[in-house]
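Notes to accompany the following structure.
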Amino acid sequence: MKELTSIGEKLGAMGEKLGTMGDNLRLMETRLQTSENEVEELKRLTGGRPKVAFSATLRETGDAAGNTGPFTTPIPLQYKKVFSNTGSSYNPATGIFTATVKGMYYLHFSMMNNLNAPPNSVVCLTKNGQRLVSVWDTVGTDAHDSGSNAVVIPLEVGDNVYVELQANRLVYDDGMNYNTFSGFLLFHM
């Protein structure tokens with residue numbers, strides 16, 4: 001009789017656990033359905049294709065003209081005036097673009113050197129800490145030079161790309177917005 005009572009108590013406890021598990025399962029099914037609905041809505045809005053594009057310039061409207069730098073170590077330039085940021089992948093507080101979609105991207109940047117001779121400007125497009133391409137202006141007696149560079153590269157989700165001002169170098173900008181950083185997803189992979 002004791003054994004039957006013990007088995008009955010165990011079955012009762014298991015029944016309670018089974019009820020709790022059923023409640024949790026229903027909650028998870030509801031969450032899954034909500035997530036699936038959100039994904040379908042996003043697909044409807046984007047035509048099923050992810051959209052990532054951004055474009056920014058170094059200075060905010062109203063910022064005083066002048067040089068950025070020099071700094072004792074290389075730093076990501078923070079392009080603060082954002083023209084567009086579809087997909088919210090560019091962070092103006094850090095200057096870093098973070099890929100949110102695996103795919104092939106086009107990335108472009110421009111630079112204007114310091115206004116005083118001799119020129120002393122070096123910027124590099126950097127992916128996850130590795131230099132990709134650069135623009136230099138460090139020799140000569142002229143001023144008011146600018147340059148640009150671009151790449152088409154594959155990016156994985158979470159890859160970080162930024163324009164890095166090299167140590168002891170500087171760039172000039174004013175309301176004409178000479179220094180830009182832009183990019184967009186060509187296609188997802």
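Residues Val152 and Met104 are in side-chain contact: their nearest non-hydrogen atoms beyond the backbone lie under 4.5 Å apart. Looking at Thr57 and Asp173, their side chains come closer than 4.5 Å, going by heavy atoms from C-beta outward. Side-chain contact between Arg131 and Gln166 is present, with at least one heavy-atom pair separated by less than 4.5 Å. Taking the side chain as every heavy atom from C-beta outward, Leu58 and Val171 approach each other to under 4.5 Å.
Side chain of Ser110 to main chain of Tyr178: a donor-acceptor pair is present (N/O by atom type, distance under 3.5 Å, no hydrogens or angles). In this structure, the side chain of Asn149 does not engage the main chain of Val135 through any donor-acceptor pair within 3.5 Å.
Between the side chains of Tyr172 and Asp174, at least one donor N or O sits under 3.5 Å from an acceptor N or O. If you check the side chains of Arg59 and Gln78, you find no donor sitting under 3.5 Å from an acceptor. Ser89 and Thr98 share no side-chain donor-acceptor pair at under 3.5 Å.
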The test is ring-ring contact (aromatic ring centres under 6.0 Å, His included); show your working for Phe109 and Phe181 and say whether it passes. CA-CA 4 Å; Phe109 67 101; Phe181 181 30; 7.5 Å; no

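Taking each heavy atom of Thr100 and Val157 in turn, the nearest pair found is O-CG2, 3.8 Å.
The environment of NZ in Lys127 is crowded: more than 12 heavy-atom neighbours from other residues, nucleotides or ligands sit within 6.0 Å.
A distance below 6.0 Å separates the ring centres of Tyr105 and Phe97.
In this pair, Phe54 and Tyr90 present their aromatic rings parallel. The plane angle is below 30°, not in the 30 to 60° band.
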